[in-house]
There are 4 protein chains.
Amino acid sequence: MSRPAVSRRSIGARPNPETSDAILDAAADLLRRKGLRGLTTDAIAREARASKTTLYRWWPNRGALLLALYVRAKGGSTREDTGSLVEDVARTYARVFGAWQNEGRLFSLIIAEAQHDDGVAEALTAFRKERVADWLPVLRRAEKRRELADDADLEVLAESIVAHAWFYLLTKRLDADPFVLAANVLHPWLRKQDS
Amino acid sequence: MSRPAVSRRSIGARPNPETSDAILDAAADLLRRKGLRGLTTDAIAREARASKTTLYRWWPNRGALLLALYVRAKGGSTREDTGSLVEDVARTYARVFGAWQNEGRLFSLIIAEAQHDDGVAEALTAFRKERVADWLPVLRRAEKRRELADDADLEVLAESIVAHAWFYLLTKRLDADPFVLAANVLHPWLRKQDS
Amino acid sequence: MSRPAVSRRSIGARPNPETSDAILDAAADLLRRKGLRGLTTDAIAREARASKTTLYRWWPNRGALLLALYVRAKGGSTREDTGSLVEDVARTYARVFGAWQNEGRLFSLIIAEAQHDDGVAEALTAFRKERVADWLPVLRRAEKRRELADDADLEVLAESIVAHAWFYLLTKRLDADPFVLAANVLHPWLRKQDS
Amino acid sequence: MSRPAVSRRSIGARPNPETSDAILDAAADLLRRKGLRGLTTDAIAREARASKTTLYRWWPNRGALLLALYVRAKGGSTREDTGSLVEDVARTYARVFGAWQNEGRLFSLIIAEAQHDDGVAEALTAFRKERVADWLPVLRRAEKRRELADDADLEVLAESIVAHAWFYLLTKRLDADPFVLAANVLHPWLRKQDS
DNA sequence: TGTTAATCGAGACGGTACGTCGGGTCTTGCC
DNA sequence: GGCAAGACCCGACGTACCGTCTCGATTAACA
């Protein structure tokens, strides 16, 4: 699927939102068709029938663009609420791993980019904090249901859940069983069964 | 400190280990003096008085060389044995974070490189497995000391320990308190105090 | 004499002639200072404060660049007009041999390069045809002056003149006496003296 | 057609002629199959199941090897004797151009190599002188037959004949009609028809 | 209705690094 | 000593990708 031949034009002395959308669309397209290696700034610009200048007008560098792409692609960070924490985490792992199968390598790339780009690193930090924070309501519900051990530190648990997801992404094990992983990660945190 | 002027020569129709050593030496030297950005293939070859051809005879690409460099620099993966698992893990975290402060960005870079180089990815997988396996004896000792909960899965725990280390590296939090981290990570796995 | 520090920039979405000029200038400079061995693509780019990408944007390969350099350096292919064909040819030989003393090895190199690069070969063919054609007006003047035998084929003679020049270049006899050579080459073509 | 699997061995403390033969055979084979670009020292050595050391024991550099290869391939420099000079030259041109069609590009390469290798240049000079000298007997016979103009300088003519052959080789016109060329080259040298 | 100011497409450009290629030298171990 | 094998140094080549720059066309808001 190639981009349409009509080229967007200026809409006056202000940014055209269609332009940034078209750029992200093009990038997503490229990612799907060519993989990570195809995501060069030149290719994105060409695919989007945009100019590199425009690319850099919208994002300060390649990493920022990639992060924007990832955020948009990922959609809402909805957490499940099944009434069981293991189930909630497992489903989230399943969903996230599924998404990562496609464009999760994109996220790896962002992590990589963050290693030598402070701007990307900052954005990534913010992103991580949000993801960790997303878990707190879920964990609090589980606490109320008395699923967790009494001394469980919710923030630490939230980080652990995220850390394992990242670890599996970076070590290319997205095909792992999300239920097993969730069970393993959560197991020590759960309230011991009263006999 | 520049390299000595003596040049290694062929030692016949077989690889000369001195050559690869010299290359890694040169790379380590460069890393220390110029940082990550100085670790170009050209610079390494020049510094080692080697040819790039030779470099690529030993490692298929830059990432593989970097991994070799990291592995060698890291030295033995000795795990502590203090009689307390938390203490063991905390000390290892402390040691590893300390090492990473210096050349941990090297490791980040390798992880990054692995995302678009299958050879590096494979090497990294092997490396991760080794690191995880390194923990098993330590965990078994803790098990014998009855520090761990009865149903603790040692492999899962080992992975968790490593995962958190990587997570902190990649999210640039090497200044975190290793003892707090160790305590947090291990806490749910520990045997509940019998009152 | 190093190049000035001012760096040329883009002049919009079209090639900047100043750039190619600067590249050829730099190459000429290098040739004079370092000789043929100094004419590497890297050195030329560095000297011209250009990037290798730009170099290859202008010429498809090193040989093409060298040919452009040669053509420009040679200047106009002005042929003499002394009223005597032998004199004309001799003077041209003298001038060309003189030029070749300096950068004629450049021309040899181009001929060499043409042997395994079709692009250069084509350019060289075109160049040869031009040089041969350059002689025709001169020969026609000589014909009018009744210097040449009646049955002289001007095109063949033109080629012969050029062929001998190349032959002497390639066999490294640029120190030969151009007048003797011209006399020898032309002698059989000249009208026999009427007694 | 690949080389036999048996490898020649040393025949004691003296050069093994089979070795140099095998090397030239291999080079000829490569030239035919892969063209000029395939004639690298590595490839020749591999093809001949020889070592590069041996290559350089027999010839001081690549150019010398190529020249040896050319001389051997060309066979005797027999000149024709048909009773007509034009016919003699035309036939020789035909024969040489035919040979060059196959491996004449090799000769171009040697000329090229001579431009930056003095050893090859010397060998080439000697070779040229021989080729020019080869013509003298032929020309003397023609002189006796009164085919040539009285004032023809035989040495100059011989050089001219050779120069045109080289020129056509280097300008990639081996498909030219050798008879036309011979006629053109010789025409001004021939005795004018008495009417 | 012109003038201004900004967006935008296009693509040349500098810079930096990568991986590859080829020539020629060397050392070992076998004959 | 010749010879096969192949590691090694050196130097160069062509390619890739990033981020910057300059043009000229376009359009909306303002004069």
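Quick note on labels: first sequence line is chain A, next is B, and so on, each numbered from 1.
Legend: salt bridge (Lys or Arg N to Asp or Glu O under 4.0 Å) pairs involving residues 51-65 of chain A, not counting sequence neighbours, sorted by first then second residue: A/Asp42-A/Lys52, A/Arg62-A/Glu113.
The listed nucleotides are F/dC8, F/dC3, E/dT7; the one nearest the side chain of D/Arg57 is F/dC3.
Atom pair B/Leu55:CG and F/dC10:C1' shows a separation of 14 Å (rounding to whole Å applied). Between the CD atom of C/Glu47 and the P atom of E/dG14 there is a distance of 14 Å, rounded to whole Å. Atom CD1 of A/Ile23 is separated from atom P of E/dA10 by 12 Å (rounded to the nearest Å). The interatomic distance linking C/Glu18 (CD) with E/dG14 (C1') rounds to 15 Å, in whole Å. Counting to the nearest Å, the P atom of E/dG22 and the CG atom of D/Leu36 are 13 Å from each other. Following rounding to the nearest Å, B/Arg46 (CZ) and E/dC18 (P) show an atom-to-atom distance of 11 Å. The CG atom of C/Leu30 sits 11 Å away from the P atom of F/dA12 (whole-angstrom rounding).
A close approach under 4.0 Å does occur between a side-chain nitrogen or oxygen of A/Trp58 and OP1 or OP2 of E/dC8. Between E/dC13 and C/Ser51, no contact under 4.0 Å exists linking OP1 or OP2 to a side-chain N or O. Residue B/Thr54 has no polar side-chain atom (N or O) positioned under 4.0 Å from OP1 or OP2 of F/dA7.
Residues satisfying the side-chain contact (heavy atoms from CB on, under 4.5 Å) test with D/Ala114, not counting sequence neighbours, are D/Val120, D/Ala121, D/Leu124. The side-chain hydrogen bond (donor to acceptor under 3.5 Å, both in side chains) check on B/Ser20 picks up nothing, with sequence neighbours excluded. Partners of B/Lys172 according to the side-chain hydrogen bond (donor to acceptor under 3.5 Å, both in side chains) rule, which considers only residues two or more places apart in sequence or in another chain, do not exist here. In this structure, C/Lys34 has no side-chain hydrogen bond (donor to acceptor under 3.5 Å, both in side chains) partners at least two apart in sequence or on a different chain.
Within 4.0 Å of C/Ala45, counting heavy atoms only, lies no atom of the nucleic acid at all.
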**Complete:** A correct 5'-to-3' footprint of nucleotides 16-23 of chain F, with B, S and - meaning base, sugar-phosphate only and no protein heavy atom under 4.0 Å, is BBBBBBBS
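The shortest side-chain heavy-atom distance between C/Leu106 and C/Leu31 falls under the 4.5 Å cut-off.
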